[in-house]
Amino acid sequence: MINKRFFKTKNEVEVTFEVPAAQAENSVALVADFLDWQPTEMKKVAKTKSFKFKTRLPKDSEFEFRYLVDGQKWENDPQADLYRPNDFGEDNGLVSTHS
């Protein structure tokens, strides 16, 4: 799941990436171009029973990402704005910060 919060006075968008805990045994990492494609562990939140990662991204941009579940399984977010083919014969999710 992806939640976006647009600010009227800032040129950035708060984006929260969320994966239900039931989809992973131990961990979920966000792997994205805005993180230089380095796996970044998402925080497990007991209250919402999910893994979350929150960041601010520049407005009017597009970013590619995927989730790495338990260090071995690649997943896309079903709520991604679009999907783009990657160099590995699969698709990356795309999150858009266009208002």
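Just so you know, residue 1 is the first one in the sequence shown, and it goes up from there.
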Donor-acceptor pair, N76 side chain versus D91 backbone, under 3.5 Å? yes
Where A80 and G93 come nearest, the two heavy atoms and their spacing: CB-CA, 4.0 Å
What's the separation between atom CZ in F6 and atom CG in N11, rounded to the nearest 0.5 Å? 12.0 Å
Is there a side-chain contact between V13 and F7 in this structure, where contact means two heavy atoms from C-beta onward sitting under 4.5 Å apart? no
My understanding is that only residues two or more places apart in sequence, or in another chain, count here; which of them pass side chain to side chain donor-acceptor pair (under 3.5 Å) with E12? R56
Where is the tightest heavy-atom contact between Q23 and V19, given as atom of each residue plus distance? OE1-CG1, 3.2 Å
Which residues pass the salt bridge (charged side-chain N to carboxylate O under 4.0 Å, His left out) test with D81, sequence neighbours left out? K4
Partners of F53 by ring pair (Phe, Tyr, Trp, His ring centres under 6.0 Å), sequence neighbours excluded? none
Given the rule in the side-chain contact (heavy atoms from CB on, under 4.5 Å) test, do Y83 and N92 qualify, once you have shown the distances and angles that lead to the verdict? CA-CA 6 Å; Y83 298 95; N92 291 338; over 6 Å; no
Looking at side-chain heavy atoms only, is the closest gap between V15 and I2 below 4.5 Å? yes
Do P39 and Y67 touch side chain to side chain, with heavy atoms closer than 4.5 Å? no
What residue pairs, at least two apart or across chains, pass salt bridge (Lys or Arg N to Asp or Glu O under 4.0 Å) with a residue in residues 59-73? E62-R84, E64-R84, R66-E90, K73-E75
Got a second to check how far T55's OG1 is from F34's CZ, nearest 0.5 Å? 5.5 Å
For a quick test of your reading: what N or O donor-acceptor pairs under 3.5 Å do the side chains of residues 42-51 make, sequence neighbours left out?
unit_1	atom_1	unit_2	atom_2	d
T48	OG1	S50	OG	2.7
S50	OG	E18	OE2	2.8

Would F65 and V31 satisfy side-chain contact (heavy atoms from CB on, under 4.5 Å), going step by step from the backbone distance to the final call? CA-CA 6 Å; F65 72 99; V31 184; over 6 Å; no
Would you check if V95 and F17 make a side-chain contact, meaning some heavy-atom pair closer than 4.5 Å? yes
Scan residues 32-41 for pairs that pass side chain to side chain donor-acceptor pair (under 3.5 Å), counting only residues two or more places apart or in two chains. none
